[in-house]
Amino acid sequence: MSFIEYLPVIFGLFVPVMFFLGYIQSSLMKPKYTWRFAHINGLIALCSSVALAIFMALQGRSELAHPWVNVTQLTPVILITISVVAFVVLRFSQNYMQGEPRQERFSGMLQLTFAAASMVVLSNHLLVLLLAWFIVSLSMHQLLLFYPDRPRAVLAAHKKFIFARLAEISLLTAFILLYLEHGTWLISDILNAYTAGTILNLQENISACLIALAVLIKCAQLPVHGWLIQVVEAPTPVSAALHGGVINMGGILLISFAPLFALSSAAQWLVLVVAGVSVFIAALVMTTRVSIKVRLAWSTSAQMGLMLIECALGLYELALLHLVAHSFYKAYSFLNSGNAVKQTIIARSAVERPPSLFQWGIMGVLLATIAIITVMFVNQNAIQLQWFISSWVLLFLSALMFVVQRNSGHNQLNIISQLMFASGIVAAYATLKYTSFSLLNPVEHTYSIWADLWVSLMFVGLFLAGYIQRYQLHQKWVSACNLVLYSGLYIDEWSSRITLAIWPKAMPQRVNAKRITESHEESLL
């Protein structure tokens, strides 16, 4: 191979290599220089990932497979996302951790986490991918225990440790089954064997289901979601790195193994049912919580479930768009959680006027008309996208709720503003969806009317429940339901009891006054 053909591999590997060098440097330097080199490493990693994207675009190549590294059109997008989140989190951490002991270790573990996450994206070998996945989990475990005297942090890390091992055992078993079936560890060779019309045998179906199970655990879907809610005890940069990057590894894995996953109805329904229930419950529980960070954590569980549902429906381009947008949004939200407290207080002090039935009706008709026109335009221009009923139901209901609530508050919109606002939402959705579609290799996914209807009914039910929860709170039965939702349906309590019964863990008993104060202040966020 010529040097030009190796350039994508070099650009791609620069990302994990720079972060790994930062991990080594952190143990050799003082905090001042550790953070300085961490920023430089993050910037070089970002430039390398951008260079990879430019090279792939100029060469017009969709995939470059090598024995250990596989670079696809998806790779630059994910590497840029990881590099941006890493650079911002490292810059924020320098000020946030000022005066804290063991800053060098904190910086090193953060960079090791991002290095391993990058290798998950780049690896073309099943065992290398599994090793990188394992390192991500272990380094994040150390970050979650940065304050080892916080009982909630220790409990969250303990539960995550157990669930992460279950996910890794599932992945290892799936990879061994795939190796026995294909006689190779190379991911590209295995996935190239799956084309439209391929019928999976029992061994391959089990592999697909085990990968789906590992992804569900990694994405903190019910009932193994509790650790994600409790890790707010960790430093804020850890939460930003976790919710803005690490938690998305499950979605990246499912998109990467789309050729196999798309052929297994059993794996798809496993994701549809578990993720669907998780989205419904987590989205409603989120609205009952007061703590900003806890609400963001419940939101992450719901958003990850929605992303997995998109994969199960075959909407991988929408899942990719969701993944990137969620990474940036959640990283920013956690890093800005201090200011979010003031904004929330101002928002809650404002008197809201509930929207009238006329407003719901007129905006519903308006959005439906715009959606129909958009679909007709797309079909006439022969843009080959998969248009599911459920995706438009979600767009319609979310846009309807957003526009109507905005029009019922202090900012009154006239009919022209409403039209422009609604048109902008639908146009942005269609444009971004098509852009994301062009970045992925096409995957044949059999359309299932039952899966589409299941997800559509879930969205309608969530919309109605959200409406009742917000505008019918004066009803006694609604208040009673909110109390149950506030508890998270007590699912995590049962999960914690079972976890500690199987693998007991001694919780720290003595907490100094400084840590008590910090824990109380973070709980108010």
Side-chain angles (χ1 to χ4, degrees), residues 7-55 69 75-76 78-123 128 131-148 234-246 248-249 327-328 330-332 334-336:
L7 270 181
V9 177
I10 296 173
F11 287 141
L13 287 177
F14 246 94
V15 178
V17 167
M18 293 310 301
F19 286 129
F20 185 73
L21 285 177
Y23 166 70
I24 297 176
Q25 292 168 350
S26 65
S27 60
L28 303 175
M29 299 181 178
K30 296 180 179 179
K32 176 182 177 181
Y33 300 105
T34 296
W35 290 115
R36 183 175 299 175
F37 275 97
H39 301 159
I40 295 174
N41 294 338
L43 185 60
I44 294 175
L46 178 57
C47 292
S48 298
S49 56
V50 171
L52 174 60
I54 295 174
F55 181 88
V69 177
T75 306
I78 302 301
L79 288 183
I80 290 174
T81 303
I82 292 174
S83 300
V84 170
V85 172
F87 180 73
V88 172
V89 169
L90 288 170
R91 287 294 300 267
F92 182 89
S93 299
Q94 180 177 9
N95 294 329
Y96 185 89
M97 302 302 294
Q98 192 72 32
E100 288 280 356
R102 300 182 294 122
Q103 291 186 51
E104 306 90 342
R105 179 173 177 78
F106 184 86
S107 172
M109 283 299 167
L110 265 181
Q111 293 180 82
L112 181 61
T113 302
F114 290 123
S118 303
M119 279 308 302
V120 171
V121 180
L122 286 166
S123 47
V128 175
L131 177 62
W133 182 287
F134 181 67
I135 294 175
V136 169
S137 178
L138 287 187
S139 57
M140 182 55 63
H141 181 78
Q142 296 300 317
L143 289 170
L144 295 179
L145 288 175
F146 188 75
Y147 296 135
T236 296
V238 177
S239 297
L242 174 63
H243 292 261
V246 174
N248 294 305
M249 291 293 103
S327 295
F328 293 144
K330 276 298 162 63
Y332 169 79
F334 272 98
L335 297 181
N336 191 51

What is the minimum heavy-atom distance between [X] and [Y], and which atoms define it?
X    : Y    : result
N248 : S327 : ND2-OG, 2.7 Å
V136 : A117 : CG2-N, 3.4 Å
F334 : T236 : O-CG2, 3.2 Å
A331 : V85  : CB-CG1, 4.3 Å
L143 : P235 : O-CD, 4.3 Å
A38  : L90  : O-CD1, 3.7 Å

Handout entry: side-chain contact (heavy atoms from CB on, under 4.5 Å) partners for V128, two or more places apart
Key =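 If we apply the side-chain contact (heavy atoms from CB on, under 4.5 Å) test to V128, skipping adjacent residues, the hits are W68, M119, S123, H125.
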
Problem - Residue F20 excluded, over 12 heavy atoms near CZ under 6.0 Å - result: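 No.
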
Handout entry: Neighbour count >12 (heavy atoms, 6.0 Å) for atom CZ, F37
Key =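 No, the 6.0 Å shell around CZ holds no more than 12 heavy atoms from other groups.
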
Which distance, rounded to the nearest 0.5 Å, do you find between the [atom1] of [X] and the [atom2] of [Y]?
X    : Y    : atom1 : atom2 : result
L21  : I40  : CG    : CD1   : 12.0 Å
I78  : L122 : CD1   : CG    : 11.0 Å
L335 : R91  : CG    : CZ    : 12.5 Å
Q142 : S137 : CD    : OG    : 10.5 Å
H39  : S93  : NE2   : OG    : 7.5 Å

Practice task
Anything under 30° is parallel, anything over 60° is perpendicular, the rest tilted; go ahead and classify W35 against F106.
Solution key: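 Ring orientation, 0 to 90° scale: tilted.
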
Handout entry: Aromatic plane relationship, F19 with F114 - under 30° parallel, 30 to 60° tilted, over 60° perpendicular
Key =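 Correct class here is tilted.
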
What donor-acceptor contacts under 3.5 angstrom involve side-chain atoms of residues 48-55, with partners at least two apart or in another chain?
{"residue": "S48", "atom": "OG", "partner": "I44", "partner atom": "O", "Å": "2.9"}
{"residue": "S49", "atom": "OG", "partner": "A45", "partner atom": "O", "Å": "3.3"}
{"residue": "S49", "atom": "OG", "partner": "L46", "partner atom": "O", "Å": "2.7"}

Handout entry: Note, Q111 side chain near Q25 side chain (heavy atom, < 4.5 Å)
Key =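 Sidechains of Q25 and Q111: no contact.
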
Problem - Contact check, side chains of M97 and F146, non-hydrogen atoms, under 4.5 Å - result: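 Yes, side chains in contact.
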
Tell me every residue that passes side chain to side chain donor-acceptor pair (under 3.5 Å) with [X], counting only those two or more places apart in sequence or in another chain.
X    : answer
T113 : S139
S83  : none
R102 : none
S26  : none

Exercise for the section: Look at the side chain of E104 and the backbone N and O of T34, then say whether any donor-acceptor pair between them is shorter than 3.5 Å. Expected result: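 No.
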
